[in-house]
Every structure is written in structure tokens, then in C-alpha cells.
Amino acid sequence: MAEINHFEYGWITPALSYALSVLGSFLGLVCAGRIRAAATTGQRVWWGTLAAWAIGGTAIWSMHFMAMLGFAVEGTRIRYDVPITVASALIAVVAVGIGLAIVGTGRVSALRIGIGGGLTGAGVVAMHYTGMAAMRLGGSLGYDGVRVALSVAIAVVAATVALWLAVTVRRVLAVVVSALVMGVAVNGMHFTGMSALSVRLHEQHDDVTGAGFSTLLVPIVLAVILVVVGLVYALLAAPTEEDRAGAAYLDARRADPAGSAAADPQPAPDPVGLRARGTLARPGSTFPTRRVDPPR
């Protein structure tokens with residue numbers, strides 16, 4: 001059995017992976033909160049897609065490969081099959097999208113959240129072990145069944161809690177705390193699954209083929225940056241509740257300006273109280289003067 005090192009660069013890679021999972025979870029929860037408030041089906045699809053990319057692509061998949069940057073096996077190099085790696089990313093995004101579609105439409109219920117969480121958790125597990133199957137090294141992989149089952153349970157519970165938070169959390173502080181908790185759950189699932197891994201080196205093995213992690217790192221980082229920037233821009237550009245209320249008020253005023261003015265007359269501003277004391281504004285009033293007429 002080969003010696004495995006999960007933290008070749010110390011705590012740098014797990015810290016970065018946790019930061020990615022928290023960032024993706026935060027953006028995903030904010031986008032998911034817009035799904036049920038959306039007025040049209042198109043808007044719900046738009047926000048659901050953004051939330052799926054944020055949670056599935058950034059919080060789960062990018063976190064997985066950032067953590068894998070610190071994974072090393074003594075005695076062999078590690079390479080990755082690019083098509084299988086890309087497939088693992090799509091599995092994560094699609095799984096989260098399905099879960100959000102289940103809980104983001106219709107009435108929120110424990111059954112919907114449970115079904116969505118189960119399917120999403122299964123997708124997360126499939127993403128993780130598909131990503132592991134993309135590894136190419138001079139040995140064969142083995143897994144401890146008990147720890148694999150534990151990682152599956154963690155994934156299902158984490159996905160269920162994430163979907164419940166996505167449809168219930170609204171305040172910014174609550175979203176931040178939820179993202180921190182989701183980061184712990186996602187990383188816990190990943191490292192639990194990695195702890196189940198064992199590698200038996202081949203006595204003789206040819207040169208390992210595939211893309212090195214340094215080759216994959218640049219496009220992954222660029223993709224994460226583009227996704228995060230796009231999500232932030234979409235959130236900032238989207239109208240808020242106050243914006244929609246103001247637009248509705250202006251539309252009502254344009255539709256019936258006379259009726260609006262009659263229904264809600266607004267007096268002119270009087271900052272120093274001249275209206276209460278002055279006489280010039282009253283019809284028929286005489287011009288004030290200091291001259292005193294002599295007695296007759």
C-alpha cells in the first residue's frame with residue numbers, strides 16, 4: 001500500500017477549498033432566494049441556473065479540485081483525464097439544479113426538501129467519485145465501504161440542509177452563517193470520502209498520461225473568477241423590492257395623473273411656517289403697511 005498525503009502543502013489547500021465553498025454557498029443562497037420571489041418562469045429559470053452554478057460549480061466542484069491540489073501519493077505522479085473531469089463538474093451543477101427546481105417551485109414542504117436533498121446529495125457523491133475516477137496514477141484505487149457510506153450520508157444531509165436554507169433564509173447575516181455551515185458540510189463530505197481511499201502501487205507501471213494539475217489549475221481559476229464576477233454583477237444589476245415598488249408607483253401615476261393628484265393632494269413645502277402667518281397668499285387680503293391714517 002502506498003503512503004497517501006492529503007495535505008502536501010499544509011493547510012493552504014484546505015483553507016482555500018473552504019473559502020471557495022463558503023463563497024459559492026453565499027452567492028448560491030442569495031440567488032436561490034430570488035427564485036420564489038421571481039414574477040415569471042423565465043426569471044425563476046435564470047436565478048435557478050445561477051444558483052446551481054454557484055453552489056454546484058464553485059462551492060462543491062471547485063472546492064473539490066482545490067482540495068485535490070494537496071493530494072499526493074508517494075511513488076507515483078498523478079494526472080487527470082480531462083473529459084471525465086469536465087463530466088464531474090456538469091454532474092455537480094445539474095444535481096444542484098434539479099434539487100433547486102424541486103424545492104423552488106410549488107409549495108415548500110418537508111417531502112419536497114427531502115426528495116430534492118436526496119437527489120442532490122446523490123449527485124454530489126457522483127461528482128466526487130467521478131472526479132476520483134478521473135485520476136491517473138501508477139496504481140489501483142481501493143475504498144473502505146464504511147467511510148464511503150458515511151460520506152454519502154454526509155452529502156445527503158448537507159444537500160438537504162442546503163436546499164432548506166435556500167428557500168427559507170433571507171437576511172444577510174443568516175445567509176452568511178448558513179454559507180459558513182455549508183462550507184463545513186461540503187468539506188466534511190470531501191475529506192471523509194478521501195479518507196476512505198487507499199492506493200496499491202503496481203510493481204511496474206508505464207509513464208502516467210493525462211493533464212497535470214498545474215495544467216488544469218489555470219482554467220479552473222479563470223472559470224471560478226468569471227462565474228463569481230458574473231454572479232455578483234447579476235445580483236447588483238437585478239432590481240430590488242424597493243426598485244419594483246417605485247416603478248409600480250410611477251406607472252400608476254403615469255396611468256392616472258389627475259386621479260392620483262386628487263386622491264393624494266400634497267401641499268407645497270413651507271419650511272419656516274409663513275403659510276400660517278402670512279396674508280399675501282389669501283385672496284382679497286390687503287397689502288400690509290405701517291402708515292397710520294390721521295383721525296377724522
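We're numbering straight along the sequence, starting at 1.
Residue Ile12 places its CD1 atom among 12 or fewer non-hydrogen atoms of other residues, nucleotides or ligands, all under 6.0 Å distant.
Between Ser88 and Tyr129 the shortest side-chain heavy-atom distance does not fall below 4.5 Å. Taking the side chain as every heavy atom from C-beta outward, Thr85 and Phe65 approach each other to under 4.5 Å. Side-chain contact check for Thr76 versus Val73: some heavy-atom pair is nearer than 4.5 Å. For the pair Leu197/Met132, a side-chain contact is recorded, criterion being any heavy-atom separation below 4.5 Å from C-beta on. The shortest distance between side-chain heavy atoms of Gln43 and Arg34 does not fall below 4.5 Å. Met189 places a side-chain heavy atom less than 4.5 Å from the side chain of Val124. Annotation: side chain of Leu141 is in contact with side chain of Met135 (closest heavy-atom distance under 4.5 Å). Inter-residue side-chain proximity for Pro14 and Asn187 is flagged as unmet; no heavy-atom pair is nearer than 4.5 Å.
Between atom CZ of residue Arg44 and atom OG1 of residue Thr40 there is a gap of 6.5 Å, rounded to the nearest 0.5 Å. Rounding to the nearest 0.5 Å places CG of Leu235 at 6.5 Å from CG of Leu231. In this structure, CG in Leu23 is found 12.0 Å from CG in Leu16, a value given to the nearest 0.5 Å. For the atom pair Ile102 CD1 and Leu163 CG, the distance stands at 8.5 Å (nearest 0.5 Å). Expressed to the nearest 0.5 Å, how far NE2 of His6 lies from NE2 of His190 amounts to 8.5 Å. Rounded to the nearest 0.5 Å, atoms OG1 (Thr192) and CG (Leu150) are 5.5 Å apart.
Checked against a 6.0 Å centroid threshold, the rings of Phe71 and Phe7 do not count as neighbours.
No side-chain donor-acceptor contact under 3.5 Å links Arg200 to the backbone of Ser140. Checked by atom type and distance alone, the side chain of Ser62 pairs as donor or acceptor with a backbone atom of Gly57 at under 3.5 Å. In this structure a side-chain-to-backbone donor-acceptor pair under 3.5 Å is present from Ser21 to Tyr18. Counting only distance, with no hydrogens or angles, the side chain of Thr130 and the backbone of Met127 share no donor-acceptor pair below 3.5 Å. The main-chain N or O of Arg107 is found under 3.5 Å from a side-chain atom of Arg112 such that the two form a donor-acceptor pair.
Taking every heavy atom of both residues into account, Arg147 and Ser195 meet most closely at NH1-O, 3.0 Å. Contact record, Leu29 with Ser178: CD1-CB, 3.7 Å, taken as the closest heavy-atom pair. The two residues Val125 and Ala155 have their closest heavy-atom pair at CG2-CB, 3.5 Å. Closest heavy-atom contact between Ile78 and Ala72: CD1-CA, 4.1 Å. Nearest approach of Ala95 to Gly123, heavy atoms of both residues: CB-CA, 3.5 Å. Nearest approach of Met66 to Ser17, heavy atoms of both residues: CG-N, 3.8 Å.
Leu222 and Leu90 fall into different hydrophobic clusters, where Ile, Leu, Val, Met, Phe, Trp and Tyr are joined by side-chain heavy atoms under 4.5 Å apart, directly or via other members. Residues Val229 and Val224 share a hydrophobic cluster, clusters being chains of Ile/Leu/Val/Met/Phe/Trp/Tyr side chains in contact below 4.5 Å. Cluster membership for Trp47 and Leu236, using ILVMFWY side-chain heavy atoms within less than 4.5 angstrom, is shared. The hydrophobic clustering, which links ILVMFWY residues whose side-chain heavy atoms are closer than 4.5 Å, places Leu165 and Val177 apart. Criterion: ILVMFWY side-chain heavy atoms under 4.5 Å apart, direct or through other members. Under it, Val93 and Trp46 are not part of a common hydrophobic cluster.
Residues Thr58 and Trp53 bring no donor and acceptor atom of their side chains to less than 3.5 Å of each other. Donor-acceptor pairing under 3.5 Å is lacking for the side chains of Tyr80 and Thr215.
Partners of Ala32 according to the side-chain contact (heavy atoms from CB on, under 4.5 Å) rule, which considers only residues two or more places apart in sequence or in another chain, are Ile35, Ala51, Leu100, Ala166.
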ask   = Given the rule in the side-chain hydrogen bond (donor to acceptor under 3.5 Å, both in side chains) test, do Ser198 and Asp144 qualify, once you have shown the distances and angles that lead to the verdict?
value = CA-CA 8 Å; Ser198 61; Asp144 179 77; over 6 Å; no

request  = Would you sort out whether Asp81 and Arg136 count as a side-chain contact (heavy atoms from CB on, under 4.5 Å), showing the intermediate values?
outcome  = CA-CA 7 Å; Asp81 184 286; Arg136 299 291 179 261; 3.7 Å; yes

